[in-house]
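Report on the following structure.
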Number of protein chains: 2
Amino acid sequence: MQEKITEEQKQMARFAKAMGHPVRMYILELLAGQSCCYSGDLSEDLPIAKSTLSQHLKELKDAGLIQGTIERPKIKYCLNQENWDRARELFRKFME
Amino acid sequence: MQEKITEEQKQMARFAKAMGHPVRMYILELLAGQSCCYSGDLSEDLPIAKSTLSQHLKELKDAGLIQGTIERPKIKYCLNQENWDRARELFRKFME
DNA sequence: TTCGTATTTCGCAAATGTACGAACAAATAA
DNA sequence: TTATTTGTTCGTACATTTGCGAAATACGAA
């Protein structure tokens, strides 16, 4: 009955949880393909309120998958490359 | 404002959501490594109640990632190979 | 039939997630 | 200064998830 769940498994679950919503998958796939985007552009593409979008972006940030940098008057979102690479490596090994 | 989220993104989010819990990642990684296991074995390895484990297995089944076959008196769980391959392919493309 | 084994379902509670609009904040434009 | 733009936070509502123990189910063994 001892704990057999590894830190890597916990980390993968954390990443997967962040990916576990269609809107967040959309955002991640967009960023993975073109590196960066603005929140406003997302808002135009997605049928959700801005406050809801803001929450989804926050979740992705909290999971470490993306990062936002201020470019007045907008905010530019990009993948957090270091953690994205980490996620890729974990999932690659997991699903190979 | 039209819907831009694809069916593939929804499917990936569905898989990711199922992977979004440490216990379920543990189970999936076990199955990915050795193909099959019994619920009772999992119950001994994991610090959770059997009813809770049963729910996690149900979620993985509902997401299509695993399947259970009765081998009295136990139930043998394996990856659902068809959907697992589908998931691997989706994530491989997504994270390449 | 009664017992034991393996697992699921039920009922419940607590925590988390999803979504919205209103209110707020920060900076620039008029 | 006031208005506009861009985005976050707050308050609220509802749905889903997570977890447990008790009860139910299914079947083979005694």
Side-chain angles (χ1 to χ4, degrees), chain A residues 1-5 9-28 30-31 36-78, chain B residues 1-5 9-10 12-28 30-31 36-78 80:
Chain A
M1 195 64 113
Q2 76 270 29
E3 183 62 274
K4 291 204 177 178
I5 297 173
Q9 283 162 347
K10 288 179 190 169
Q11 178 63 76
M12 265 194 286
R14 183 85 182 80
F15 286 143
K17 193 175 178 183
M19 293 190 266
H21 189 287
V23 164
R24 297 197 293 267
M25 271 306 311
Y26 172 86
I27 295 167
L28 286 174
L30 189 74
L31 293 182
C36 288
C37 75
Y38 296 95
S39 171
D41 305 337
L42 293 172
S43 180
E44 283 173 25
D45 295 344
L46 297 168
I48 57 172
K50 287 185 179 185
S51 55
T52 305
L53 174 60
S54 192
Q55 282 185 119
H56 283 303
L57 289 167
K58 183 175 183 327
E59 284 208 40
L60 289 171
K61 253 186 292 185
D62 290 349
L65 290 170
I66 69 170
Q67 59 196 147
T69 51
I70 297 170
E71 288 196 4
R72 292 287 171 198
K74 300 184 176 186
I75 294 183
K76 188 174 74 172
Y77 285 100
C78 310
Chain B
M1 195 62 116
Q2 76 271 27
E3 182 62 275
K4 292 202 176 180
I5 297 174
Q9 283 161 348
K10 288 179 190 169
M12 263 194 288
R14 183 85 181 79
F15 285 143
K17 192 174 177 182
M19 291 190 268
H21 189 287
V23 164
R24 296 196 293 267
M25 274 304 312
Y26 173 86
I27 295 167
L28 286 174
L30 189 73
L31 293 182
C36 289
C37 73
Y38 296 95
S39 172
D41 303 338
L42 293 171
S43 178
E44 283 173 26
D45 295 344
L46 297 167
I48 58 174
K50 287 183 180 188
S51 56
T52 305
L53 173 60
S54 191
Q55 282 185 119
H56 283 304
L57 289 168
K58 182 176 185 322
E59 285 208 37
L60 290 171
K61 254 186 292 184
D62 290 349
L65 290 171
I66 69 169
Q67 59 196 146
T69 52
I70 296 171
E71 288 195 5
R72 291 287 170 199
K74 299 185 177 186
I75 294 183
K76 187 174 73 172
Y77 285 100
C78 309
N80 179 319

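Lettering follows sequence order; numbering is per chain, from 1.
Each of B:Pro73 and B:Lys58 was assigned the nucleotide of DNA chain C with the nearest heavy atom; the assignment lying further toward the 5' end belongs to B:Pro73. Remark on DNA chain D: of its neighbouring residues A:Lys74 and B:Arg24, the 5'-side contact belongs to A:Lys74, judged by nearest-heavy-atom nucleotide.
The separation between A:Tyr77 atom OH and D:dT6 atom C1' is 10 Å, rounded to whole Å. Rounded to whole Å, the distance from CD1 on A:Ile27 to P on D:dG7 is 13 Å. The CD-P distance, from B:Glu44 to C:dT5, rounds to 13 Å in whole Å. Atom CD in A:Glu59 sits roughly 14 Å away from atom C1' in D:dT17 (whole-Å rounding). Atom pair A:Leu57:CG and D:dT9:C1' shows a separation of 14 Å (rounding to whole Å applied).
Within the 4.5 Å cutoff, the side chain of B:Leu57 has heavy atoms near those of the B:Leu42 side chain. Considering only heavy atoms from C-beta on, B:His56 comes within 4.5 Å of B:Ile48 through its side chain.
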Decide yes or no on side chain to side chain contact (heavy atoms under 4.5 Å, CB included) for B:Asp62 and B:Arg14, but give the supporting numbers first. CA-CA 10 Å; B:Asp62 290 349; B:Arg14 183 85 181 79; 3.9 Å; yes

Would A:Cys36 and A:Tyr77 satisfy side chain to side chain contact (heavy atoms under 4.5 Å, CB included), going step by step from the backbone distance to the final call? CA-CA 5 Å; A:Cys36 288; A:Tyr77 285 100; over 6 Å; no

Before you tell me yes or no, could you show the steps for A:Asp45 and A:Tyr26 under side chain to side chain contact (heavy atoms under 4.5 Å, CB included), namely the whole-Å CA-CA distance, both residues' side-chain angles and the distance that decides it to 0.1 Å? CA-CA 10 Å; A:Asp45 295 344; A:Tyr26 172 86; 3.1 Å; yes

When you look at B:Glu59 and B:Arg24, which way does the side chain to side chain contact (heavy atoms under 4.5 Å, CB included) test go after all the steps? CA-CA 9 Å; B:Glu59 285 208 37; B:Arg24 296 196 293 267; 3.6 Å; yes

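A cation-pi arrangement is not found for A:Lys76 relative to A:Tyr38, the charged atom failing to lie both closer than 6.0 Å to the ring centre and inside a 45° cone about the ring normal.
Summarising the geometry of A:Lys61 relative to A:Gly68, their closest heavy-atom pair is CD-N, 4.5 Å, with the distance given to 0.1 Å. Across A:Leu31 and A:Cys78, no two heavy atoms sit closer than the pair CD1-C, 4.0 Å.
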Report, as a single string ordered 5' to 3', how protein heavy atoms within less than 4.0 Å touch nucleotides 19-30 of chain D: B base, S sugar-phosphate only, - not at all. BBBB---SS---

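The stretch residues 62-71 of chain B has no heavy atom under 4.0 Å from DNA chain C, so no residue of it qualifies as close.
Contact annotation for B:Lys17: backbone-only contact, meaning every heavy-atom pair under 4.0 Å involves sugar-phosphate atoms and none involves a base.
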